[in-house]
Amino acid sequence: MSPTAPDKPSLHGLEHKWAERWEADGTYRFDRTATRDRVYAIDTPPPTVSGSLHIGHIFSYTHTDTIARYQRMRGREVFYPMGWDDNGLATERRVQNYFGVRCDPSLPYDPDFVTPDSRKASDRPVPVSRPNFVELCNRLTASDEKTFEAVWRFLGLSVDWTMTYATIDERSQRASQRGFLRLLARGLVYQSEAPTLWDVDFQTAVAQAELEDREQPAAYHRLRFLGPDGIPVEIDTTRPELLPACVALVAHPDDERYQPLFGTTVTTPLFGAPVPVKAHRLADPEKGTGIAMICTFGDVTDVIWWRELTLPTRIVVERDGRMRDTHPPHDFWAHGADRVWDELRGRTLKQARTRIVELLRESGELVGEPQAITHSVKFYEKGNRPLEIVTSRQWFIRTLGHTDEFLARGNELSWHPPYMQARYESWVRGLNSDWLVSRQRFFGVPLPLWYPIGEDGAVDHDRPLYPQEARLPVDPSTDLPDGYNESQRDRPGGFTGDPDILDTWATSSLTPQIAGGWEDDPNLFARVFPMDLRPQAYDIIRTWLFSTVVRSHFEHGSVPWHHAALSGFVLDPDRKKMSKSKGNVVTPLPLLEEYGADAVRHWAASGRPGVDTAVDPGQLKVGRRLTIKVLNASKFVLSRVGEPIGPGTKAAGPAGVTEPLDRAMLARLADLVDDATTAFDGYDYARALERTEAFFWAFCDDYVELVKSRAYGSRGDEGAASADRALAMALSTILRLFAPFLPYVSDEVWSWWQQGSVHRAPWPESAALRVAAVDGDPLVLDVAAATLGGIRKAKTTAHVSMRAEVAHLVVRDTAPRLAALAGAAADVGEAGRVTKMVTEDAEAFSVDVALGEPS
RNA sequence: GGGCGCUUAGCUCAGCUGGCAAGAGCACCGCCCUUACAAGGCGGCGGUCGGGGGUUCGAGUCCCUCAGCGCCCACCA
């Protein structure tokens, strides 16, 4: 059988051809009979299904795929599933915009509902029931997932596509609810009625991990309170509209200015409410006037003060971000304060602020004019308005008090790059609240709980009812707690389902368990858990990585995986962070189509682990050129090779390579294999690629040129055979080294002369190459290449063709290097078209090139 | 306020445990239709490796310090 390289090799259509072949052959199918020690398990990040893939996905997933392919070639059975993160707010938001609907849980299910069509952006959203809304979510995510899968396949991810999951599917819901109930049974999860950060647009509580600070314009308003002896006490506030919720003033215990006031009572402006003056260490004497008003609740410090100073609660802000429209219990407001309140009630906070400032100004209790400042305010990372603090009943997983355990688990992990561990540790050390997992949303895993309703109609939250694990997953809005029937739902003496869902992270923190078949498939789980690798981008260390460690620690008493590989971010060509609002998001499909998947992968894989990398058309062209070069160089090599040469064939034997230059190249190649292997074992795919690529170009430019004429037979069969065998060994090795990065072109070329897929071929081993190289000295190749370079330079300088004859060549160099050159003198002579070559001992390398026909 | 990373040719970046007479690609300039490759090949120009100090026979590479950029965490009346 002889190799069959096409006359005109092309990249066109390779993706389609090979994606189909791999699927048909099950090239990446996981063999679940493999024992744990042979398995390499990857906890693939389930991308958020929200319309279209981002170039950042391509970047990070390519990194993972190179490692997956490397491990597979090293003989590991790679467990490489794909998940879709479709539950949660991102999907809800997309569904609202896409279909023009709004979820109203109070509506009954409408089985005949059809989505509104031909609507305009200005149209009001159509209210739909929760079940209808969830149906729409399922419909849209199903189609989005198809689109995503198509892009992943185009990119050439070596995922086992028979192993997919979605974070909203039944398996995930079961795992999520089971995990929750087990924590509940162990007291690691609890509910609490407490002030929590609240997004007034999404109308849900928000966890610490989902916060971000944003700089916002604001203004200090100086308000005059009335002290015990009629002496004014002035405070600065950015939230004057919260004055009716003021429950105390606070200053630092050591602040001599205010020490006389501690324990006394002052009166609030406008409302005339008597409030105590308290001392607390968190009060900052440098801020404002050094004494602050405590409101329920303006910010998290208010909550701390309120709790630690046991202050009363006076709520004026509603969950929708407006002033409440009723009279709050105002037993301590002064007579007449109702008239002030009537000016504020029901208004938005912004309107209320404007109005109260006017009122304060009129009453003379605003001191001076507001001073504009800029300060940072907490936002929900997906939100548009500052978070408020609202008291509500929520469920929490206990994370406080476990800091040392979490840090210890962090130490058990190998971090790539290592400095990423610092981000994890600073997050763990900074935890200041338990993990809030309940959300007041609709599309997600329901909390698997019901509550009894007393004969008096009061819901008894303290005695939740929960299902046996065998019943999971349950939807408490339609399923029944044991011992009840449907007629008792929401009735006195009956029960009510918990209306909330679990936060996305409460489910995706279990991806190793979900993908690995925890409890559902113990046989599989034992083979893959704890997994080997968690690949992800560094921005979600505090969410996904941390929460997965927490769940695994609590549930299994182990780390969820042994390695964490953190990818950087993709920046736009101007090195700015990409965001939808800036409109600089790069979508991957056009790049894949223009440059080819291998070139896009080449760009991605050239981004160092953890390092932000810009989209660079130049780099994409480099990748494109490389893949074309692989095709052409391979075609040349195979035109010299009479039969397949690889492990087990005759040319693999050491006897085949006799020429010093060929041996030198193989020795260099062996070093390369060691380099690339070491790099990959350290998760440095970029280094492996860079080394391979550098070798390959030098191989083409120097070695191939040097042996070309000998390979054509200029010096007899033996010299040609040596070259052919070395070329074939090199090609086989190079293709396998490139395979993790350029899966399409490498398998294409592999198929020209080898059996099976290169992606199931063994990773090259340097030992075999060293045997073939015998005593090969890399110096031979170095000096030969340098000499050839000198000849080329002379010809270029003389503006003559590379085919021009060299009448007389003098090579000067040190004795050892000249000795090395002697072994390749004939090759150099033929490649440079040198008629007569002489050497002279010298301190340093130089050449004299006399062009022209031999005299 | 605490921490991490980065700062090397015009641009994007390699240079891992100190030995480099400082590298690659892109861009730029020039040459070459050479039978693997002209959507190519070959060659050239270009940097006092952010500043300053130190250790060393020797520092882009280690230590100290300063500066700029980016990010993480904490705090925010």
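Small disclaimer: the values here were computed from a predicted structure and weren't measured. Lettering follows sequence order; numbering is per chain, from 1.
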Integer angstrom distance from the P of B/U7 to that of B/G50: 8 Å
Those residues that, when tested against A/Glu212, pass salt bridge (charged side-chain N to carboxylate O under 4.0 Å, His left out) (two or more places apart): A/Arg214
message: Roughly how many Å apart are B/G43 and B/C4, using the C1' atom of each and rounding to a whole number?
response: 43 Å
query: Are A/Tyr424 and A/Phe406 near enough that their ring centres are under 6.0 Å apart?
result: no
- request: Determine the contact category for A/Gln216: base if any of its heavy atoms lies under 4.0 Å from a base atom, sugar-phosphate if only primed atoms, P, OP1 or OP2 are that close, otherwise nothing.
  value: nothing
task: Taking only heavy atoms on the protein side, list every residue of residues 276-285 of chain A lying under 4.0 Å from any atom of RNA chain B, sorted numerically.
output: A/Ala283, A/Asp284
Identify the pairs formed between an N or O of the protein and an N or O of nucleotides 41-45 of chain B at a distance under 3.5 Å, and give each distance.
| residue | atom | partner | partner atom | Å |
| --- | --- | --- | --- | --- |
| B/G41 | OP2 | A/Arg625 | NH1 | 3.0 |
| B/C42 | OP1 | A/Asp701 | OD1 | 2.6 |
| B/C42 | OP1 | A/Asp701 | OD2 | 2.8 |
| B/G44 | OP1 | A/Lys793 | NZ | 3.3 |

task: Decide yes or no for A/Glu234 and A/Leu223: does some side-chain heavy atom of the first lie under 4.5 Å from some side-chain heavy atom of the second?
output: no
- prompt: Would you say a side-chain N or O of A/Lys708 is under 4.0 Å from OP1 or OP2 of B/A36?
  reply: yes
field: Whether over 12 other heavy atoms sit under 6.0 Å from A/Glu843 CD
entry: no
- request: May I ask you to say what A/Lys795 touches in the nucleic acid, namely base, sugar-phosphate or nothing, with a heavy-atom cut-off under 4.0 Å?
  value: nothing
field: P gap between B/A27 and B/C33, integer Å
entry: 22 Å
Please list, for nucleotides 3-6 of chain B, all pairs of protein and nucleotide N/O atoms separated by less than 3.5 Å.
none

message: Categorize A/Arg429 for me: base, sugar-phosphate, or nothing, with a 4.0 angstrom heavy-atom threshold over every strand shown.
response: nothing
- prompt: A/Gln208 has an atom CD; how far is it from atom P of B/C73, in whole Å?
  reply: 9 Å
message: A side-chain contact here means heavy atoms from C-beta on lying under 4.5 Å apart; do A/Val206 and A/Glu381 qualify?
response: no
statement: Side-chain atoms of A/Lys635 come closest, of B/A36, B/G25, B/C76, to B/A36
message: Name the residue from A/Phe696, A/Trp750, A/Phe695, A/Tyr70 that meets the ring pair (Phe, Tyr, Trp, His ring centres under 6.0 Å) definition with A/Phe738.
response: A/Phe696
Set of salt bridge (charged side-chain N to carboxylate O under 4.0 Å, His left out) partners for A/Arg817, sequence neighbours left out: A/Asp813
- prompt: Applying side-chain hydrogen bond (donor to acceptor under 3.5 Å, both in side chains), which residue pairs with at least one partner in residues 367-377 of chain A are found, sequence neighbours left out?
  reply: A/Arg361-A/Glu369
query: Can A/Arg423 and A/Glu425 be counted as an ion pair, charged N to O under 4.0 angstrom?
result: no
message: By the 4.0 Å heavy-atom rule, please label A/Thr289 as base, sugar-phosphate, or nothing.
response: nothing
message: Check whether A/Ser634 reaches the backbone of A/Val749 with its side chain - one donor and one acceptor, N or O, closer than 3.5 Å.
response: no
- request: Would you mind classifying the nucleic acid contact of A/Ile291 as base, sugar-phosphate or nothing, using non-hydrogen atoms under 4.0 angstrom?
  value: base
message: Using the P atom as the point on both nucleotides, what is the distance between B/C42 and B/G3, in whole Å?
response: 50 Å
message: Going by the rule side-chain hydrogen bond (donor to acceptor under 3.5 Å, both in side chains), which residues pair with A/Trp505 if we only count those two or more places apart in sequence or in a different chain?
response: none
- line: To the nearest angstrom, the CZ-C1' distance between A/Phe699 and B/C37 comes to 14 Å
Protein proximity profile, nucleotides 15-23 of chain B - base contact B, sugar-phosphate-only contact S, no contact -, cut-off 4.0 Å on heavy atoms: SB-------
query: Which whole-number value in Å describes the distance from A/Asn632 CG to B/U35 C1'?
result: 13 Å
- request: Quick one: label A/Glu705 by what it contacts on the DNA or RNA (base, sugar-phosphate, nothing), any heavy atom closer than 4.0 Å.
  value: base
query: Under 4.0 angstrom, heavy atoms only, what part of the nucleic acid is A/Ser376 near: base, sugar-phosphate, or nothing?
result: base
- request: Quick one: do A/Gln421 and A/Asn411 satisfy side-chain hydrogen bond (donor to acceptor under 3.5 Å, both in side chains)? Show the steps, please.
  value: CA-CA 8 Å; A/Gln421 189 177 357; A/Asn411 283 331; 2.8 Å; yes
message: On RNA chain B, does the nearest nucleotide to A/Lys621 precede the nearest nucleotide to A/Lys378 from the 5' side, or the other way round? Give the residue.
response: A/Lys621
task: Sequence neighbours left out, what passes side chain to side chain contact (heavy atoms under 4.5 Å, CB included) with A/Glu690? Give chain and number order.
output: A/Arg608
message: Heavy atoms only, 4.0 Å cut-off, all strands: where does A/Gly288 land among base, sugar-phosphate and nothing?
response: nothing
task: For the residue pair A/His416 and A/Tyr683, categorise the inter-ring angle as parallel (less than 30°), tilted (30 to 60°) or perpendicular (more than 60°).
output: parallel
field: Stepwise side-chain hydrogen bond (donor to acceptor under 3.5 Å, both in side chains) check, A/Thr62 with A/Arg601
entry: CA-CA 6 Å; A/Thr62 296; A/Arg601 292 172 60 101; 5.2 Å; no
Euclidean distance for P, B/U48 against B/C63 (whole angstrom): 25 Å
task: Could you work out the separation of B/G18 and B/G10 based on their P atoms and round it to a whole Å?
output: 29 Å
message: Under the salt bridge (Lys or Arg N to Asp or Glu O under 4.0 Å) definition, can you give me all pairs with a residue in residues 691-701 of chain A, not counting sequence neighbours?
response: A/Asp675-A/Arg691
I'd like a table of atom pairs between the protein and nucleotides 10-12 of chain B - only N or O on both sides, under 3.5 Å - with the distance next to each one.
| residue | atom | partner | partner atom | Å |
| --- | --- | --- | --- | --- |
| B/U12 | O3' | A/Arg575 | NH1 | 3.2 |

- prompt: Quick one: which of B/C76, B/U34, B/C26 gets closest to the side chain of A/Val300?
  reply: B/C76
- request: Pick the C1' atom in B/A9 and in B/C49, then give their distance to the nearest Å.
  value: 10 Å
- prompt: Based on Watson-Crick and G-U pairs with both distances under 3.5 Å, what dot-bracket line describes RNA chain B 5' to 3', crossing pairs as [ ] and inter-strand pairs as |?
  reply: (((((((..((((.....[...)))).(((((.......))))).....(((((..]....))))))))))))....
- prompt: Rounded to whole angstrom units, what separation is found between the CG atom of A/Leu626 and the C1' atom of B/C37?
  reply: 13 Å
query: Distance between the P atoms of B/U61 and B/U34, in whole angstroms?
result: 48 Å
field: Check: B/C75 base within 3.5 Å donor-acceptor of A/Asn432 side chain
entry: no
